[in-house]
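Just the heavy atoms: all of them, side chains too, but no hydrogens, waters or symmetry mates, feed the values below. Position 1 is the first residue of the sequence; numbering continues from there.
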Amino acid sequence: MKVTGNVLKERKALFIIFGATGDLAQRKLYPALFHLYQKGFLKNKFAVIGTARRPWTNERLQEVVRNSVADMENNALEINQFASHFYYQSHNVNDTEHYITLKNLAAKLDERYQIGGNRIFYLAMSPTFFGTIAKHLRSQNLVTENGYNRLVIEKPFGHDLKSAEALNDDIARYFEEKDIFRIDHYLGKEMAQSIYAIRFANPIFNALWNNRYISNIQITLGEILGVEERAGYYEHAGALRDMVQNHILQLVSLLTMNAPVSYKDTDIEREKVSALKALKVYEPDEVRQNFVRGQYGATAGMPAYREESQVPADSMTETFVAGRIFVNNMNFAGVPIYIRTGKRMAVKGTRIDVVFKDMPNNIFSNEKLDPNVLTINVEPTPETSLRLNEKEVSEENYPVSNVTMKFKHNSALRAKTPEAYEKLLLDVIKGDSTNFVHWDEVRYSWRFVDAIRKAWNESDADPAIFPNYDCGSMGPREADELLIRDGNYWEFNPLR
C-alpha cells in the first residue's frame, strides 16, 4: 500500500474549542492538532482558544496541552512552540457578556497570527448547548465576514428524530448546512475510508457488488469493556442509539450506496443519503422478527449491567443489539445485512464480511464449497482479506479447500497512518465534508432506529429476560439464530 499525504500547504485557522478542559479535547483534539503541526499543515498562522467554565489560565491550558502530547514523537522545543498558540477564556455559554470577551480575544489573535478571519468553532460538549452557542456566535459577531466559519459538533445528535430535528433547527438558524461538520469518528478511520477504493477502484469488485452476486453482508462492532463511568449516559441511550444509529448505519451506507459521479463531498453525500433513505423501516411485528436485544450478566468476577453504578436493578436498557437490515435500492434489494454490537463481548474490534453467493452449478459434486468472503478489518488491526477456493495438493480425485489472500498493515504502515481525528480536523480546515455526516443522513438514520425503539418500548417484555448473555461471549444465542434461519452463520466467531 502506498502511503501518500495531502499536498503540503500551511493552513490558517483560529480554533475556538468549547469544552476545552474535557476528556475529548485532551485525548483526541490536542494530539490531532499537534500531528498537523508536526506535519506542517499548521505552522505560524493558527491559534486555539479553549473555553469552559473552569477558572483556568493560559498557562494552565498550555500545561494540559503539553501533557496531552508528551508521549508522542516530539521534542521539548516543538511542544512548547505548539502549546504557545493556545489561549484560555473562562466562559459561561449562556452569558452574552462572555461572548463579547471571547470576540475581543479572537480579534486580537486573528491579527497577531494573520489568520484572515478563518474560524472553526468546535463544540466538544453536551448537545443541549449547541443551539445557544450557535445563536451567540452569530448575534455577538464572532462569525466573521472576511473568512470561513465552520461549526463542528459531536454525537449524540439528538436521541430520536424529533429531538434531532429540533436540534438541527436551532443550529440551522445561524449556520448553513455546508458550514456544519457533524463528526462520526468512524468515518475518519483508514479502513472505513478504504471502502470507497475497494468498491470503486477495482473492476472485479465493482462488477460483483450487487444482489446478483452478494449473499449477505455482516458488520460486527465488538467492545470488551462494560459501560464503565458512562453508565449514566448509557442508561438513557443503549446500544441501539449509541452505536447503530451512527457508526453502524454509516458503514451500511458506505457498503450499499450507488457509485457517485465523482469523489467529491456533494456527490458522496447524495449517494449516502439515497442508501439510508432506502432502508426498510420495520413495523412492530417485523422488529421482533429482525432484531435482537441483549444485556450482559455477571461473569468471572465482572458485574452484570444491572449491578453497575447508576443503573436500576430492573433496567431494560440493551447493551447488545443484533439485527437484519435491508436496503431496498436497485443493487441491494433482498440482500440481508446482519449487524451486531455490544458491550462485554469476547473481542474488541470492527469487522465487515461481504459473503458472496455460491456457484450456481458446483461441478465438484463431492465437495462442499465454502463461499468467497471479502473481509475488511477496520480495527484494531487494519486488514483486508479475500477467501477463495483452490485445489489441494493431492493424488485424490479433485479435493478443494479454501485459501485466504491477505493484506495486513504492518507496524511501519500503521505508524504512518493518521488517527481519525487528525484526518477529520484537516478536512474541516480544508472545508471537505466528504467524511462527515450530513443532516439528511441523520434524519433517515433516526427514522429507521425510531421504529425499532418504539416497538421495544411498546412491548410487554418481562424484565426477567435480562441478562441474556455472558461477559466474554459474542452475545445472546438469538443473534446466531437470526442468521441460521436464513441458512447463514456469522463469519466472525473467535469462540468457534
In short, C471 meets M302 closest at the heavy-atom pair CB-CE, 3.5 Å
Apply the side chain to side chain contact (heavy atoms under 4.5 Å, CB included) test between I352 and each candidate in L221, I376, T375; give the one that qualifies. I376
Hey, are E390 and S401 close enough side-chain-wise for a donor-acceptor pair under 3.5 Å? no
Report yes or no: does R150 contribute a side-chain atom to a donor-acceptor pair with the main-chain N or O of V428 at less than 3.5 Å? yes
Side-chain contact test, heavy atoms from C-beta onward, threshold under 4.5 Å: evaluate it for R306 versus P312 and give yes or no. no
Yes or no on side chain to side chain contact (heavy atoms under 4.5 Å, CB included) for N488 and V355, after CA distance, side-chain angles and deciding distance? CA-CA 10 Å; N488 298 317; V355 183; over 6 Å; no
Do the side chains of D160 and K454 get close enough for a salt bridge, i.e. N-O under 4.0 angstrom? no
Taking the six-membered ring for Trp and the single ring otherwise, decide whether the centroids of F82 and F86 are under 6.0 Å apart. yes
Within the 3.5 Å criterion, strictly below it, is a donor on D470 or Y296 matched to an acceptor on the partner's side chain? no
Looking at E419 and K423, is there a salt bridge between them, counting it only when a charged N and a carboxylate O are closer than 4.0 Å? no
Presence of salt bridge, E269 and K272, under 4.0 angstrom: no
Find out whether R485 and R324 are in side-chain contact, i.e. whether some heavy atom of one side chain is under 4.5 Å from a heavy atom of the other. yes
T256, L255, L254 screened by side chain to side chain contact (heavy atoms under 4.5 Å, CB included) with V252, the one that passes: T256
Ring centres under 6.0 Å, that's the criterion: do Y263 and F200 meet it? no
Any salt bridge between D480 and R477, counting N to O under 4.0 Å? no
Does R351 reach the side chain of V378, with side-chain heavy atoms less than 4.5 Å apart? no
To the nearest 0.5 Å, what is the distance between NZ (K408) and OG (S385)? 11.0 Å
Consider only side-chain N and O atoms of S445 and Q245, and report whether a donor and an acceptor are under 3.5 Å apart. no
Working to the nearest 0.5 Å, report the span between CG of L424 and OG of S433. 11.5 Å
Go through the steps for M125 and I133 under the test side chain to side chain contact (heavy atoms under 4.5 Å, CB included), then give the verdict. CA-CA 11 Å; M125 57 195 315; I133 293 174; 3.6 Å; yes
Any heavy-atom pair between the side chains of L388 and M405 that's under 4.5 Å? yes
Is any side-chain heavy atom of I429 closer than 4.5 Å to one of L36? yes
Checking I171 against I153 for the side chain to side chain contact (heavy atoms under 4.5 Å, CB included) test, could you report, in this order, the C-alpha distance in whole Å, the side-chain angles of both residues, the deciding distance, and whether it holds? CA-CA 10 Å; I171 295 172; I153 54 180; 4.0 Å; yes
Tell me whether E165 is salt-bridged to R443, with the criterion being a basic N under 4.0 Å from an acidic carboxylate O. no
Within the side chain of R54, is there an N or O that forms a donor-acceptor pair under 3.5 Å with the backbone of S90? no
Are E478 and Y469 close enough that a side-chain donor and a side-chain acceptor fall under 3.5 Å? no
Would T350 and Y186 count as a side chain to side chain donor-acceptor pair (under 3.5 Å) here? Give the steps. CA-CA 10 Å; T350 301; Y186 265 73; 3.0 Å; yes
Between T434 and D265, do the side chains contain an N or O donor and an N or O acceptor separated by less than 3.5 Å? no
Between R182 and E441 (salt bridge meaning N to carboxylate O under 4.0 Å), is one present in this structure? no
For atom CE of M359, decide whether the heavy atoms of other residues, nucleotides or ligands shown that lie under 6.0 angstrom number more than 12. no
Check: G232 main-chain N/O paired with E235 side-chain donor or acceptor under 3.5 Å: no
Any chance the side chains of N211 and N331 put a donor and an acceptor closer than 3.5 Å? no
Tell me yes or no: between the side chains of Q218 and N216, is some donor less than 3.5 Å from an acceptor? yes
If only side-chain N and O atoms count, and only distance matters, is there a donor-acceptor pair under 3.5 Å linking Q310 with Y233? no
Rounded at 0.5 Å granularity, tell me how far OG1 in T319 sits from CZ in F466. 7.5 Å
F320 side chain reached by R340 side chain, heavy atoms, under 4.5 Å: yes
Heavy-atom nearest pair, M474 first then A346, reads SD-CB, 3.8 Å
Can you tell me if D285 has over 12 outside heavy atoms packed within less than 6.0 Å of its CG? yes
Is a side-chain donor-acceptor pair under 3.5 Å present for N402 with N389? no
So, for P260 and E271, which heavy atoms are closest and what is the spacing to 0.1 Å? CA-CG, 3.8 Å
Does a side chain donor of either D353 or Y338 reach within less than 3.5 Å of an acceptor in the other side chain? no
P284 to A455 - nearest heavy-atom pair and separation: CA-CB, 3.9 Å
Rounded to the nearest 0.5 Å, how far apart are CZ of R199 and OH of Y196? 10.0 Å
Using 0.5 Å steps for rounding, measure from the CG atom of D242 to the OG1 atom of T341. 8.0 Å
Evaluate the side-chain proximity of L374 to I198: yes if any heavy-atom separation is below 4.5 Å, no if none is. yes
Note, L249 side chain near I325 side chain (heavy atom, < 4.5 Å): yes
More than 12 heavy atoms of other residues, nucleotides or ligands under 6.0 Å from CZ of R53: is that the case? no
Main chain of D184, side chain of N435: is a donor-acceptor contact present, judged purely on distance under 3.5 Å? no
Do any N or O atoms from the side chain of Q295 and from the backbone of T317 form a donor-acceptor pair under 3.5 angstrom? yes
Smallest heavy-atom separation, V321 atom then A239 atom, equals CG2-CB, 3.8 Å
For a quick check under 3.5 Å, do E154 and Y122 share a side-chain donor-acceptor pair by atom type? yes
Can you tell whether the side chains of K343 and E223 come within less than 4.0 Å, N to carboxylate O? yes
Using the side chain to side chain contact (heavy atoms under 4.5 Å, CB included) rule, take V354 and Y213 through it: C-alpha gap first, then chi angles, then the decisive distance, then the call. CA-CA 10 Å; V354 181; Y213 298 101; over 6 Å; no
NZ of K277: more than 12 outside heavy atoms within 6.0 angstrom? no
For L29 and A124, the nearest pair of non-hydrogen atoms, with its separation, is CD1-CB, 4.4 Å
Neighbour count >12 (heavy atoms, 6.0 Å) for atom CD1, I204: no
Parallel, tilted or perpendicular, as decided by the 30° and 60° cut-offs, for the rings of F356 and F205: parallel
Can you tell me how far apart CZ (F326) and CZ (F332) are? Round to the nearest 0.5 Å. 13.0 Å
Check: E318 side chain, L240 main-chain N or O, donor-acceptor pair, under 3.5 Å: yes
